[in-house]
Amino acid sequence: MNSSRNRGYAVFLIPGVIASLAVIVVPLVMTVGISFTRWTGIGTPEWIGVDNYTRLFQDANFWASFGHILLLIVAMAVIPTLAGLVLAAVLFDYVAKAFGDRWAGFFRSGFYVPQVLPVAVTGIVWSWILHPSYGALNQILESVGLGSLGRNWLGDPKYALPSVMAVMIWFQLGYPVVMFMAGLQRIDPELYEAADMDGAGWWQRFRRITVYLIRPEFYVVLVTTTIAALKIFGQIFVLTRGGPSNATLVPSYFAYQNFFEKARVGYGSAISTMLTVIIVVLAFVFLRIQNRDQRIGG
Amino acid sequence: MTTTTVSRTPARADHAAPPERHRSRLRLVVLIALLVLLLLVVAPLLVVALNAVKSPADYAAHGPLSLPQTLHWSGIVDFWNRVDFGRKLWNSFLTSALVAVLGVALSVLNAYALGIGRIKGRLWFLVFFLIANVLPQEVLAYPLYYLSKSLHLYDSLISIVIIFTVVQSAFGTYLLSSVYAEFPSELLDAAAVDGAGRWRTLWRVVVPVSRPTLAVLVTFFFIWTWNEFFLPLIFLVSADHQTVPVALGVLQGDRMMDATTTSASALVGILPAMLFFLLFQRTLTRGVTAGAIK
């Protein structure tokens, strides 16, 4: 490459570098540094080496919060991805043909609606619907004679996490549907016609063509939703605040508590640092798998 | 369930189609199943809308599913006045619009250097922006809180605008760099022949040509910033500075909130989001896909 041709561009990166240093690099380095100290947020941090981390690994709440995250990955990444795949295929391959594109578009937009609501609003809507005394769900159950099924959905440690998981499935479903339907546009319709000619059934076409050809979207959806699950904060804050008795505690809320409620900034920093390491490692593992798969799949 | 009903499609579907009756029944089953699912998805919002315009007495007497006896707007009006909702809307709009414009501007500058300029160490910068993209905000939260306090930017919309401009531009830089890497070099050469400098080329050639992508980014940054919760919750503590999500989020558990007031508050939070959704629907569905193209 001709180097003189590429001269004079570096200057354009200066604002971005300065801004990133101030807002991302410096705070990130500070958090990692603080994680090796004991600090209340006031005065001088006291260096304690890896004490926060050894304490973290013995903290039942820390392990519980990661256990909850695994279940939330099921609710936010695994189930929506699989359900979204089937829905997108049905909409693209059946509804669009049998009823027209407008219907397919209508359903797609409808499923996407929860995604555009602010997280806080989602929380308000659901914590009201699931409220034990004046909530809509229990009142509906009562009015159809199933009052005995009524529960304190978010207030009972046994049901709180499953309730949050259900809300998250509702929230996430539209994203994979939109992504997969966009990916399906790429597929040459002749492929489907050829499969029809060969006598392939719907299920075979779905598995051999649809799923195979939209693998790029599949990876993107799986990575982004998994990372979103690892970072989840807003919904937990407005639905349960990690309770009851830590039944829905997640790492980001656990860190928030330590930062701003318990003034244990060092410990909170250790939690955030651990979470960050996990997310970054996961992102790179996914990228590698994706690259390898693309090279093989051509 | 679909497998059993559909998979027996015989060979040569066009000739040996299943009997007309079977086919129309299948159509009906699929349509009804999808409509039921759609109803489940939007039901919470419908229930909210229904109860936001009910009087508390009506709600107590007839429950959440009945139609309102009379349209009772005062729940919404009272809530609006009590939390000064117009103010929160303005705060949200101002920060989101500023972040959308500044974030895209910063992304363009970065991507110009990385995607078109292909400056040295380009790969490392891209890796950095990729990591910045996936970082959880709580790993930045405390130092940002601490630094903004010492700079007297705490509890101010300025801090939120600065932080989200940078956070959003990490995504924008990553996406735009790959778009600009494919930028037609003939256009750049033509600009160079005309004697245009780097700035002129950027402003007169690169930005106009990539306008559709930039429009998608502006839309995204606006809505993402509008919906942000975690950092605004930490930074915007006084009522005058709260954004819509923060104002609604901290009301949870407030003793003033009964069922109808809660619905009213949820409705005023839903409406702007639905408005953006309708306005930007086309850009959005195109844009969600834009992220997938690497």
Side-chain angles (χ1 to χ4, degrees), chain A residues 6 8-10 12-13 15-16 19-20 23-24 27-28 30-31 94 98 107 109-111 113-114 116-121 124-125 127-129 134 136 139-140 143 170 178-179 182 196 199 201-203 216-217 220 227 231 233-234 237-238 252 255-256 259 265 272-273 275-276 279-280 283, chain B residues 2-3 6-9 11 13 27 30 34 38 41-42 44 47-48 63-65 106 109-110 112-113 117-119 131-132 134-136 138-144 162-163 166 173 198 223 226-227 229-230 244-245 248-249 252 259 262-263 265-266 269-270 273 276-277 281 285 288-289 292:
Chain A
N6 293 316
Y9 281 106
F12 291 92
L13 207 55
S20 302
V23 175
I24 294 171
L28 183 65
M30 278 175 78
T31 297
Y94 185 78
F107 280 116
S109 303
F111 293 140
V113 163
V116 300
L117 299 180
V119 166
V121 174
I124 291 177
V125 171
S127 52
W128 166 62
I129 291 177
Y134 63 69
Q139 297 212 2
I140 292 167
S143 66
W170 169 84
V178 167
M179 288 288 281
D196 277 343
W202 190 88
W203 178 247
E217 279 80 8
V220 170
I227 291 178
K231 291 181 183 176
F233 175 84
F237 182 88
V238 283
S252 62
Y256 173 85
F259 283 143
V265 181
S272 319
T273 305
L275 182 64
T276 305
I279 290 176
V280 171
Chain B
T2 359
T3 47
V6 202
S7 65
R8 284 193 319 101
T9 318
R27 271 171 63 115
V30 171
L34 284 170
L38 184 64
V41 169
V42 296
V47 175
V48 161
L65 283 186
L106 196 58
L109 292 177
N110 289 341
Y112 189 48
R118 296 178 171 275
I119 60 162
I131 293 175
V134 297
L135 284 184
E138 57 268 25
V139 81
L140 310 176
Y142 203 89
L144 286 175
I162 294 173
I163 292 168
V166 180
T173 302
R198 301 288 187 229
I223 294 182
W226 185 282
N227 289 348
F229 184 67
F230 180 65
V244 172
L248 295 176
Q252 284 301 95
T262 306
S263 302
S265 72
I270 289 169
F276 302 143
F277 178 59
Q281 202 191 5
T285 39
V288 176
T289 336

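Numbers restart at 1 for each chain; the letters A, B, ... are given by sequence-line order, proteins then strands. Side chains are part of it too, since the values below use all heavy atoms of this structure and drop only hydrogens, waters and symmetry mates.
The parts of A/Leu28 that come within reach of chain B are both its backbone and its side chain, each placing non-hydrogen atoms under 4.5 angstrom from that chain. Interface remark: B/Ser263 contributes side-chain atoms only to the contact with chain A (heavy atom separation under 4.5 Å). With a 4.5 angstrom heavy-atom cutoff, A/Ile227 touches chain B only via side-chain atoms. Heavy atoms of A/Pro114 lying under 4.5 Å from chain B belong exclusively to its side chain. Residue contact with chain A, scored on non-hydrogen atoms closer than 4.5 Å, involves the side chain of B/Ile131 exclusively. When heavy atoms are compared at a cutoff of 4.5 Å, A/Phe259 approaches chain B by way of both its backbone and its side chain. For B/Ile163, the parts lying near chain A are the backbone and the side chain together; criterion is any non-hydrogen pair under 4.5 Å. For a residue to count as touching a neighbouring chain, one of its non-hydrogen atoms must lie under 4.5 Å from one of that chain's; by this rule A/Phe111 touches chain B with backbone and side chain alike.
The shortest side-chain heavy-atom distance between B/Phe230 and A/Ser252 does not fall under the 4.5 Å cut-off. Between B/Asn227 and A/Val119 there is no side-chain heavy-atom pair separated by less than 4.5 Å. Counting heavy atoms from C-beta on, the side chains of B/Val166 and A/Ile24 come closer than 4.5 Å. Residues A/Pro118 and B/Leu248 have side chains not in contact (no heavy-atom distance under 4.5 Å, counting atoms from C-beta outward).
The most heavy-atom pairs under 4.5 Å with chain A, out of B/Val244, B/Val48, B/Val42, come from B/Val48. Of the listed residues A/Val23, A/Thr31, A/Val121, the one with more heavy-atom pairs under 4.5 angstrom with chain B than any other is A/Val23. With chain A as partner, the option from B/Ile162, B/Thr173, B/Leu38 having the largest number of non-hydrogen pairs under 4.5 angstrom is B/Leu38.
In this structure, B/Arg198 is positioned above the aromatic face of A/Tyr9, its NZ or CZ under 6.0 Å from the six-membered ring centre and within 45° of the axis.
A side chain to side chain contact (heavy atoms under 4.5 Å, CB included) with A/Ser272 is found for one member of B/Val139, B/Leu140, B/Leu135 and no other, namely B/Val139.
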